[in-house]
Amino acid sequence: EMKAEEWTEERLQTEMAERAEELEGLLVINPYNRNVERLHRLIETFKKAGRTLVLDAVAADYVAEFYPQDEICVFKESVHKGEADESAVRSEWKIIDRQMLLENPKQYVLQLDYRDMNELIDLQKVASAYFHMDGSPLGDYDPSYNKMKAFLEAMEIPYEYKGTGGHARPYYLRHMIDTIAPKTLIPLHS
């Protein structure tokens, strides 16, 4: 069992590269889509492991804004839902559809938001693992969390938590406050 302080973003990237090489089927990840740096790094991590990260249209838009140089692949089935329609898809993005994932699962990693979990019904036979990476639902205090776990169990898709929680350790908070040295500090969320 790894101690919490040893579990870093670097380790997460390394482990995801290892899992991408070990597993034969499609990998599904559920990251916090506003952790744009993680997604940016995962694009490269998976590329080195011989896979393409396929983003939903919302996450693709976030990454493209911050990292315009990244090669973006977007999941076609995520485009016509919610806040992302066809106008949100940029011409330079590569479109990957469900059939491509079914035909070559080992070539891909699919970033899937909780709201799109039903996609796993069609992808179940090629999915090797589902990696929860601080995406929604965040934890078992959210009623959707147990629904997600039950759904994956019913689909017989192994669940692995590969996140960092996304919170700074007290030492880093103190270092940041000492460095900035604000006249007034108002803590909002801790």
Side-chain angles (χ1 to χ4, degrees), residues 4-20 26-97 101 107-117 119-120 129-139 142 144-145 148 159-169 172-173 175-177 179-180 187-190:
E5 56 267 24
E6 295 169 11
W7 185 244
T8 62
E9 193 65 31
E10 296 304 319
R11 187 78 200 121
L12 180 146
Q13 296 287 333
T14 303
E15 285 215 11
M16 291 311 297
E18 289 168 3
R19 302 301 282 140
L26 177 70
L27 307 189
V28 180
I29 65 169
N30 177 4
Y32 186 56
N33 67 12
R34 287 190 294 274
N35 188 342
V36 180
E37 186 181 351
R38 177 179 291 168
L39 288 170
H40 162 70
R41 292 187 64 199
L42 283 170
I43 289 170
E44 193 56 35
T45 293
F46 289 131
K47 191 176 181 178
K48 285 181 183 156
R51 292 183 184 250
T52 299
L53 178 57
V54 183
L55 301 170
D56 73 29
V58 175
D61 205 43
Y62 282 134
V63 175
E65 280 302 309
F66 287 91
Y67 299 97
Q69 75 279 13
D70 283 3
E71 284 177 47
I72 304 283
C73 293
V74 73
F75 186 46
K76 183 174 187 237
E77 279 68 22
S78 73
V79 172
H80 303 287
K81 295 177 185 159
E83 59 267 56
D85 59 24
E86 286 200 74
S87 67
V89 177
R90 303 176 192 197
S91 58
E92 66 270 21
W93 293 354
K94 187 174 179 196
I95 306 292
I96 306 293
D97 65 23
L101 300 181
Q107 288 181 14
Y108 298 104
V109 177
L110 177 64
Q111 175 261 320
L112 198 65
D113 193 275
Y114 175 69
R115 67 171 178 245
D116 295 325
M117 286 287 285
E119 276 299 325
L120 294 177
Y130 181 93
F131 297 96
H132 194 267
M133 305 176 84
D134 305 317
S136 181
L138 294 173
D142 181 335
S144 299
Y145 185 81
M148 175 190 73
Y159 169 96
E160 291 184 38
Y161 175 71
K162 290 280 189 257
T164 59
H167 288 217
R169 296 215 159 64
Y172 294 112
L173 290 173
H175 177 70
M176 184 174 66
I177 292 163
T179 302
I180 296 168
L188 288 178
H189 169 76
S190 65

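Side chains are part of it too, since the values below use all heavy atoms of this structure and drop only hydrogens, waters and symmetry mates.
- Separation of atoms CG (Asn35) and CE (Met133) is listed at 9.0 Å; rounding is to 0.5 Å.
- Note that CG of Asn30 is 6.5 Å distant from CG of Asp113, once rounded to the nearest 0.5 Å.
- Legend: residues meeting side-chain contact (heavy atoms from CB on, under 4.5 Å) with Lys47, ordered by chain and number and at least two apart, are Glu44, Glu71.
- For Arg41, the side chain to side chain donor-acceptor pair (under 3.5 Å) partners two or more places apart in sequence, or in a different chain, are Glu10.
- In this structure the side chain of Met148 reaches within 4.5 angstrom of the side chain of Tyr159, judged on heavy atoms.
- The shortest side-chain heavy-atom distance between Asp56 and Arg115 falls under the 4.5 Å cut-off.
- In plain terms, the two heavy atoms of Ala64 and Trp93 that are nearest each other are CB-CZ2, 3.8 Å.
- Residues meeting the side chain to side chain donor-acceptor pair (under 3.5 Å) test with Thr45, sequence neighbours left out: Gln13.
- Looking at residues two or more places apart in sequence or on another chain, you find a salt bridge (Lys or Arg N to Asp or Glu O under 4.0 Å) between Glu160 and Arg19, Lys162.
- At a threshold of 4.5 Å between non-hydrogen side-chain atoms, the residues Arg38 and Asp134 count as touching.
- If you take CG on Leu120 and CG on Leu110, they are separated by 7.5 Å, rounding to the nearest 0.5 Å.
- Of the possible polar contacts, none joining the Asp116 side chain to the Glu119 backbone as a donor-acceptor pair under 3.5 Å is found.
- To the nearest 0.5 Å, atoms CD1 (Ile29) and CE (Met16) are separated by 6.0 Å.
- With sequence neighbours excluded, the residues satisfying side-chain contact (heavy atoms from CB on, under 4.5 Å) with Phe66 are Val36.
- Around atom CD of Glu9, more than 12 heavy atoms belonging to other residues, nucleotides or ligands sit under 6.0 Å away.
- Take Tyr108 and apply the side chain to side chain donor-acceptor pair (under 3.5 Å) test, not counting sequence neighbours, and it matches no residue.
- Atom CZ of Phe75 sits about 11.0 Å away from atom CD1 of Ile95, to the nearest 0.5 Å.
- By the side-chain contact (heavy atoms from CB on, under 4.5 Å) test, Leu138 pairs with Tyr141, sequence neighbours left out.
- In this view, Tyr145 and His132 satisfy the ring-ring contact (aromatic ring centres under 6.0 Å, His included) rule, not counting sequence neighbours.
- A pairwise comparison of heavy atoms in Leu27 and Ala20 identifies CD1-CA, 3.6 Å as the closest pair.
- Contacts of Glu65 classified as side chain to side chain donor-acceptor pair (under 3.5 Å), with partners at least two apart in sequence or in another chain: Arg90.
- Looking at every heavy atom in both residues, Ile96 comes nearest to Cys73 through CG1-CB, 4.0 Å.
- By the side-chain contact (heavy atoms from CB on, under 4.5 Å) test, Asp70 is found to be paired with His40, Ile43, Val63, Tyr67, Ile72, residues two or more places apart in sequence or in another chain being considered.
- The heavy-atom pair separating Ala59 from Gln111 by the smallest distance is CB-OE1, 3.3 Å.
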